[in-house]
There are 2 protein chains.
Amino acid sequence: MIVIQGAVRIDPAKIDHIREAARVMIAATRAEEGCIEYAFAEDVVEPGLIHIIERWRDQAAITAHNKTPHMAAFGAALAAFQPKGLRVCAYDAPEERVLIGG
Amino acid sequence: MIVIQGAVRIDPAKIDHIREAARVMIAATRAEEGCIEYAFAEDVVEPGLIHIIERWRDQAAITAHNKTPHMAAFGAALAAFQPKGLRVCAYDAPEERVLIGG
């Protein structure tokens, strides 16, 4: 499995405008083969800081994801909101350990 | 490094009440030895779904974190809001690969 964590800053006043574009892209991404988790979430103490949370079966799934039309469309939509400081990192994870929950 | 991803559901109407308790706990946690990243964030398309995003130097740092007074205080504060479906998983990550950003 590959775990991804990232973040990007957006004008907090514009988050509601991005929500609909994000909803469409996220639904399409979750339907992709090899997608285990895919979410965007706004920091609870820093408005406008968007966390990117992903888990994928393997690198091939991520490579395919990056070439999808819904990612191209979302990237274009997001660019209009001048996101700042986008940073995304991947972690190869040989094993998942459940710390809390089933 | 150990990467952690988790989620919990809270009544969306109560998120603002949790924010202040979260702010204090998150600041204290980020000051802990071995904490690389620690954030709570609300899903952009599913109100009330809170993502937990963490990275730690090693298991010893996580074990120490779980015994801190600020985590006990936050756990008690959160329980009053009847969180549902808490699930947290850890991933041993030998390497960080930067996909986007510096």
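Numbers restart at 1 for each chain; the letters A, B, ... are given by sequence-line order, proteins then strands.
For the side-chain hydrogen bond (donor to acceptor under 3.5 Å, both in side chains) with A:Y91, the lone residue among B:E95, B:R55, B:R97 that qualifies is B:R55.
Ranked by heavy-atom pairs shorter than 4.5 Å toward chain B, the options A:R23, A:E96, A:R19 are led by A:E96. Highest contact tally toward chain B, considering only A:E20, A:E46, A:Q5, is held by A:Q5 [criterion: heavy-atom pairs under 4.5 Å]. Chain A forms more heavy-atom pairs under 4.5 Å with one residue of B:G101, B:A41, B:A27 than with any other, namely B:A41.
Looking at A:V98 and B:V88, their side chains never come closer than 4.5 Å, going by heavy atoms from C-beta outward.
For a residue to count as touching a neighbouring chain, one of its non-hydrogen atoms must lie under 4.5 Å from one of that chain's; by this rule B:L86 touches chain A with backbone and side chain alike. Using a 4.5 Å cut-off between heavy atoms, B:I2 contacts chain A through its side chain alone, with no backbone atom that close. With a 4.5 angstrom heavy-atom cutoff, B:E37 touches chain A only via side-chain atoms.
Taken to the nearest 0.5 Å, the CG atom of A:L99 stands 5.0 Å off from the CD1 atom of B:I4. Separating the CD1 atom in B:I53 from the CD1 atom in A:I52 is a distance of 10.0 Å, to the nearest 0.5 Å.
Here the closest non-hydrogen pair linking A:A22 and B:V45 is C-CG1, 4.4 Å.
Under a hydrophobic-cluster definition in which Ile, Leu, Val, Met, Phe, Trp and Tyr are linked whenever side-chain heavy atoms come within less than 4.5 Å, directly or via other members, A:Y38 and A:I10 are assigned to the same cluster. With hydrophobic clusters built from ILVMFWY side chains whose heavy atoms lie under 4.5 angstrom apart, B:I15 does not share a cluster with B:L49.
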